[in-house]
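Comments concern the structure below.
Count residues from 1 along the sequence. The figures that follow rest on heavy atoms only: side chains count, while hydrogens, waters and symmetry mates do not.
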Amino acid sequence: MAQLHPNRNTTKTTITEIRDMTGEVILEISMEETRIRMPDGSVVSQRSSTSIQTVGGAIWSPLQWMARPPRHVGICDQCRHPKFSFFRRERPTHGIVLLKQAKLCECGMLCCLKHCRLGSDGVWRCPACAKKHMAKEALLSIFFTRE
């Protein structure tokens, strides 16, 4: 029969993996909880966690899932796979954004505030849908006028 040693310290490590829709690991964040039994018999608990900066500029760690209210994150696909342009070069990032700082397009794509566009009708769209909407509006403006 195994017995636990009364003066033994314990360490628990939790690794959070953030994956995209294809299952590719974007980021691994670790959290470590250590319990130390002091000579007088008291127990000291210590947590340490890795945090990251989201594309919106906020700092996020896995401990914030347990906060009230929890701070959920999503992935901006435009940040992960930026489109090529001769005029400006954008480097790919992890694309992790707080859901409070992201917008959902009509097509279902989540975009950070840097990549989403606000249309003339007040709807947030991803860059591809924004281009389609602008072309549609330009074409309709030739044949129709607003009164």
Side-chain angles (χ1 to χ4, degrees), residues 7-40 42-147:
N7 293 328
R8 191 166 202 176
N9 300 333
T10 60
T11 301
K12 177 181 158 186
T13 303
T14 306
I15 298 175
T16 304
E17 288 183 347
I18 299 177
R19 297 176 180 258
D20 62 3
M21 291 179 65
T22 61
E24 180 184 348
V25 176
I26 297 171
L27 191 64
E28 286 185 352
I29 302 174
S30 63
M31 181 178 73
E32 189 172 279
E33 185 174 351
T34 305
R35 290 182 179 217
I36 302 170
R37 185 173 300 271
M38 302 304 280
D40 64 352
S42 63
V43 177
V44 176
S45 181
Q46 179 181 11
R47 284 186 183 172
S48 64
S49 175
T50 307
S51 60
I52 61 164
Q53 183 175 3
T54 64
V55 294
I59 301 296
W60 182 83
S61 73
L63 287 174
Q64 293 177 346
W65 277 339
M66 295 182 274
R68 296 283 182 245
R71 295 176 71 184
H72 297 289
V73 294
I75 308 290
C76 174
D77 193 53
Q78 301 293 320
C79 289
R80 296 260 312 135
H81 309 287
K83 303 292 182 203
F84 177 77
S85 173
F86 285 111
F87 304 110
R88 65 182 163 91
R89 300 262 173 131
E90 192 174 331
R91 298 181 65 105
T93 65
H94 53 66
I96 297 172
V97 61
L98 293 177
L99 288 184
K100 278 178 23 176
Q101 297 176 339
K103 301 294 180 187
L104 190 63
C105 178
E106 304 172 317
C107 67
M109 183 179 288
L110 185 75
C111 291
C112 65
L113 292 177
K114 179 180 176 183
H115 290 111
C116 62
R117 308 284 184 262
L118 183 61
S120 58
D121 55 352
V123 178
W124 291 96
R125 293 181 177 85
C126 66
C129 290
K131 285 180 185 176
K132 290 176 191 174
H133 180 71
M134 273 184 20
K136 179 182 163 188
E137 289 291 317
L139 187 62
L140 288 176
S141 68
I142 297 171
F143 300 108
F144 301 100
T145 60
R146 291 189 181 237
E147 290 185 8

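In this structure, the side chain to side chain contact (heavy atoms under 4.5 Å, CB included) partners of Arg19, at least two apart in sequence or on a different chain, are Glu17, Val25. Partners of Glu24 under the side chain to side chain contact (heavy atoms under 4.5 Å, CB included) rule, at least two apart in sequence or in another chain, are Asp20, Thr22, Arg80. For Thr50, the side chain to side chain donor-acceptor pair (under 3.5 Å) criterion is met by Ser30, not counting sequence neighbours. Applying the salt bridge (charged side-chain N to carboxylate O under 4.0 Å, His left out) test to Lys114 and every residue at least two apart in sequence or in another chain returns Glu90. Taking the side chain to side chain contact (heavy atoms under 4.5 Å, CB included) definition, one finds that Leu99 meets it with His72, Leu110, sequence neighbours left out. Every residue two or more places apart in sequence or in another chain was checked for a side chain to side chain donor-acceptor pair (under 3.5 Å) with Ser51, and none qualifies. Residues passing the side chain to side chain donor-acceptor pair (under 3.5 Å) test with Ser42 are Asp40, sequence neighbours excluded. A search for side chain to side chain contact (heavy atoms under 4.5 Å, CB included) contacts involving Ser48 returns Glu32, not counting sequence neighbours.
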I'd like to know whether Glu106 forms a side chain to side chain contact (heavy atoms under 4.5 Å, CB included) with Val123, so could you lay out the CA-CA distance, the side-chain angles of the two residues, the decisive distance to 0.1 Å, and finally the verdict. CA-CA 8 Å; Glu106 304 172 317; Val123 178; 3.9 Å; yes
Given the rule in the side chain to side chain contact (heavy atoms under 4.5 Å, CB included) test, do Met38 and Val44 qualify, once you have shown the distances and angles that lead to the verdict? CA-CA 7 Å; Met38 302 304 280; Val44 176; 3.7 Å; yes
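Within the structure, the side chain to side chain donor-acceptor pair (under 3.5 Å) test picks out no pair touching residues 93-104 (sequence neighbours left out).
Nearest approach of Gly95 to Cys79, heavy atoms of both residues: CA-CB, 3.7 Å. Closest approach of Glu33 and Ser45 over heavy atoms only: OE2-OG, 3.7 Å. The shortest non-hydrogen separation linking Cys111 to Cys76 is CA-SG, 3.9 Å.
For the pair Cys116/Cys105, no side-chain contact is recorded, criterion being any heavy-atom separation below 4.5 Å from C-beta on. In this structure the side chain of Asp121 reaches within 4.5 angstrom of the side chain of His133, judged on heavy atoms. Contact annotation: the side chain of Thr13 never approaches that of Met31 to less than 4.5 Å [non-hydrogen atoms, C-beta and beyond]. Considering only heavy atoms from C-beta on, Ile18 comes within 4.5 Å of Ile75 through its side chain. Side-chain contact check for Ile52 versus Ile29: some heavy-atom pair is nearer than 4.5 Å.
Formation of a donor-acceptor pair under 3.5 Å by the Arg117 side chain with backbone atoms of His115 is found in this model. Side-chain atoms of Trp124 do not come within 3.5 Å of backbone N or O of Leu104 as any donor-acceptor pair.
Considering CD1 of Ile96 and SG of Cys112, their distance stands at 12.5 Å, rounded to 0.5 Å. With rounding to the nearest 0.5 Å, the separation of CE in Met134 from CZ in Arg125 is 11.0 Å. The CG atom of Leu98 sits 9.0 Å away from atom CH2 of Trp60, with the distance rounded to the nearest 0.5 Å. If you take OG1 on Thr10 and CD1 on Ile36, they are separated by 9.0 Å, rounding to the nearest 0.5 Å.
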